[in-house]
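Working notes, beginning with the structure itself.
Residue numbers begin at 1 in each chain, while the letters A, B, ... track the order of the sequences.
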Amino acid sequence: MAPVVTRFAPSPTGYLHIGGARTALFNWAFARHTGGKMLLRIEDTDRERSTDGAVQAIFEGLKWLGLDWDDEPYMQFSRARRHAEVAEELLRRGQAYYCYCSPEELAQMRDDARANGKPPRYNGFWRDRDPAEAPKGVAPVIRIKAPQSGEIRVMDHVQGEVVFRAENLDDFIILRSDGTPTYMLAVVVDDHDMGVTHIIRGDDHLTNAARQIIIYQGMDWGVPDMAHIPLIHGPDGAKLSKRHGALGVEAYRQMGYLPEALRNYLARLGWSHGDEELFSTAQMVEWFSLEALNKGAARFDFAKLENINGHYIRLSEPARLYAVMLDTARELGRDRDAAGLDANRDTVLQALPELQPRAKTVVELIDLAQFIYATRPITVDPAAADLLTAEAKGHIQAFAAELADLTTWSVPAIDEAARAFAEARGLKLGKVAQPLRVALTGRTISPGIFEVMVLIGRQETLDRLYDQA
RNA sequence: GCGCCCUUCGUCUAUCGGUUAGGACGGCACCCUUUCACGGUGCAGAGAGGGGUUCGACUCCCCUAGGGCGCGCCA
């Protein structure tokens with residue numbers, strides 16, 4: 001069997017959105033699983049809407065996600081001449097014809113059809129007409145001569161065999177009047193020329209598959225294997241489209257998600273390997289198969305993504321996390337955090353094992369680390385301030401005095417002192433610890449408060465305590 | 001409107017004719033505990049509806065309903 005060649009073919013009219021990212025992931029996983037290649041093709045034939053910025057966003061999005069492609073990326077528009085040649089070849093073969101209808105006439109045609117309760121399709125006006133009748137000065141388009149009876153069968157790895165009756169497909173345009181190819185032609189020619197063996201894409205292309213097969217047949221080319229994967233829907237069940245808030249992958253990075261978490265989560269959306277939930281990318285590659293792809297659309301669930309992200313944060317090396325925190329702080333323009341993180345590298349690194357189990361995202365990790373580089377007097381959350389009662393302040397002051405005299409500044413030593421202090425006054429440890437937490441971090445949530453003291457050091461601890469007492 | 005696709009707990013899913021329908025997230029309760037997390041234990045929670053086929057259907061077929069996609073000189 002020939003080596004597998006898949007491709008990811010986004011159009012650069014926006015960022016790399018989450019649905020595209022998953023399509024890329026599946027193409028990538030299948031290629032890696034089979035030891036084949038995944039090619040990248042930028043479908044930039046829409047000159048109006050394609051932008052270089054979008055192309056860069058796609059490259060960067062894929063790189064961040066860790067999805068590497070083989071060979072150089074193909075820029076579809078650069079192959080326009082080849083596409084036109086194929087359109088002309090189709091013309092010579094009698095599989096296509098010139099059509100001189102204007103866009104206005106076509107719009108009228110669709111409106112009329114709709115008004116009569118018929119499908120809005122091209123009526124084949126120029127299909128068998130003598131080109132000699134062509135109006136002067138009108139640049140024609142080339143249309144495929146689609147079969148008018150019989151059926152087109154799409155053999156799909158996910159959807160099974162899907163049958164379309166020929167009369168439901170019209171003679172669509174393959175070459176525009178300006179000589180540039182339409183999507184339908186360009187995809188077929190490129191997939192063929194690039195040697196693509198497996199087309200894995202969203203199932204919004206399922207009906208296009210039937211149209212494309214007509215072109216393959218017109219050229220006597222073999223049709224690649226296909227797998228049309230269901231789309232991702234929003235939490236409300238509606239399409240997760242750009243206009244409904246679908247986000248680019250960089251947005252997920254900015255929200256503090258780790259690429260391996262996103263890969264794991266995305267993989268579970270529409271694909272499964274038994275009851276496996278948390279698995280490495282290598283594991284996914286080993287397990288991946290087209291047959292295990294689901295048919296139904298899945299809804300995007302941030303709660304689960306967060307859970308998975310938390311899992312990978314706990315698994316990460318502090319040094320790596322520190323680097324991501326710094327990058328994220330900078331990317332978000334959080335200058336104070338970036339500076340604080342940068343100036344306290346060692347302390348943050350030491351604190352991370354305490355921070356990791358408490359954070360679901362890198363952004364939360366940054367928030368949790370703020371107590372390390374907070375400047376005195378630290379600002380206290382309004383909600384936390386309630387805990388600083390007169391009585392609590394008394395405890396803080398008294399305990400601070402004891403801390404000043406401690407011989408060893410370590411978690412066990414402080415812990416012992418705190419318990420003795422509480423017991424001597426008939427208090428529960430929480431009664432003492434919680435006000436200390438507020439005075440030291442300004443919040444009610446933080447790592448173990450004795451760890452916090454060791455992290456920021458005795459002097460800073462005493463200073464912060466006296467600030468609040 | 002026409003065509004095509006889809007339908008198991010709130011969500012993601014397992015099941016590939018015979019299971020007390022399993023797992024994960026989320027929820028709730030309890031345990032751990034200096035807060036919050038993490039971790040642990042337990043509970044609630046599903047086969048859209050209706051017909052068939054079969055000794056036996058979540059599983060196969062048909063209909064209905066609901067949802068999605070497509071029907072551009074966009075991709």
Open item on the list: Here's a test of your reading of the structure: between Asp170(A) and Glu277(A), which maps to the more 5' nucleotide of RNA chain B?
Closed with: Glu277(A)
- [ ] Classify the angle between the aromatic ring planes of His157(A) and His198(A) as parallel (below 30°), tilted (30 to 60°) or perpendicular (above 60°).
- [x] tilted
- [ ] Apply salt bridge (charged side-chain N to carboxylate O under 4.0 Å, His left out) to Glu89(A) and Arg82(A), showing your working.
- [x] CA-CA 10 Å; Glu89(A) 171 64 19; Arg82(A) 163 66 177 155; over 6 Å; no
TODO: Would you indicate what Val141(A) reaches in the nucleic acid, counting non-hydrogen atoms under 4.0 angstrom: base, sugar-phosphate, or nothing?
DONE: base
- [ ] With heavy atoms under 4.0 Å as the rule, sort Arg41(A) into base, sugar-phosphate or nothing.
- [x] nothing
Open item on the list: Counting only side-chain nitrogens and oxygens, does Thr180(A) get under 4.0 Å of the OP1 or OP2 atom of C73(B)?
Closed with: no
Open item on the list: So Ser272(A), base contact, sugar-phosphate only, or nothing? Heavy-atom distance under 4.0 Å.
Closed with: sugar-phosphate
Task: side-chain N/O Lys431(A) vs U35(B) OP1/OP2, d < 4.0 Å - done: no
Filtered N/O pairs between nucleotides 30-34 of chain B and protein, under 3.5 Å:
from	atom 1	to	atom 2	distance (Å)
U34(B)	OP1	Arg419(A)	NH1	3.2
U34(B)	OP1	Arg419(A)	NH2	3.1
U34(B)	O2	Arg437(A)	NH2	2.7

TODO: Would you indicate what Thr13(A) reaches in the nucleic acid, counting non-hydrogen atoms under 4.0 angstrom: base, sugar-phosphate, or nothing?
DONE: nothing
Task: Considering all heavy atoms, the nearest Ala261(A)-Leu305(A) contact - done: O-CD2, 4.3 Å
Open item on the list: Just to be sure I understand the rule, does His228(A) reach a base, reach only the sugar-phosphate, or reach nothing, if contact means heavy atoms closer than 4.0 Å?
Closed with: nothing
- [ ] Identify whether any heavy atom of Arg268(A) sits under 4.0 Å from a base atom; if not, whether one sits that close to sugar-phosphate; answer base, sugar-phosphate or nothing.
- [x] base
Task: Tyr97(A) and Asp171(A): side chain donor to acceptor below 3.5 Å - done: yes
TODO: Mind checking Lys428(A) for me? I need base, sugar-phosphate or nothing, with any heavy atom below 4.0 Å counting as a touch.
DONE: nothing
Open item on the list: Base, sugar-phosphate or nothing for Val163(A)? Non-hydrogen atoms, less than 4.0 Å.
Closed with: sugar-phosphate
TODO: Could you tell me whether Asn208(A) contacts a base, only the sugar-phosphate backbone, or nothing, with contacts defined as non-hydrogen atoms closer than 4.0 Å?
DONE: base
- [ ] Looking at every strand, decide which applies to Gly270(A) at a 4.0 Å heavy-atom threshold: base, sugar-phosphate, or nothing.
- [x] sugar-phosphate
TODO: Please state whether the phosphate of C12(B), meaning OP1 or OP2, lies under 4.0 angstrom from any side-chain nitrogen or oxygen of Asn307(A).
DONE: no
- [ ] Not counting sequence neighbours, list each pair that qualifies as a salt bridge (charged side-chain N to carboxylate O under 4.0 Å, His left out) and has a residue in residues 177-192 of chain A.
- [x] Arg7(A)-Asp191(A), Arg41(A)-Asp190(A), Arg41(A)-Asp191(A), Arg79(A)-Asp190(A)
Task: Evaluation steps, side chain to side chain donor-acceptor pair (under 3.5 Å), between Thr441(A) and Arg437(A) - done: CA-CA 6 Å; Thr441(A) 69; Arg437(A) 184 185 318 283; over 6 Å; no
Open item on the list: So, OP1 or OP2 of U11(B): does either fall under 4.0 Å of a side-chain N or O from Lys304(A)?
Closed with: no
Task: Arg314(A) vs G39(B): side-chain N/O to OP1/OP2 distance below 4.0 Å - done: yes
Open item on the list: Does either side chain, that of Tyr265(A) or that of Asn307(A), offer a donor lying less than 3.5 Å from an acceptor on the other one?
Closed with: no
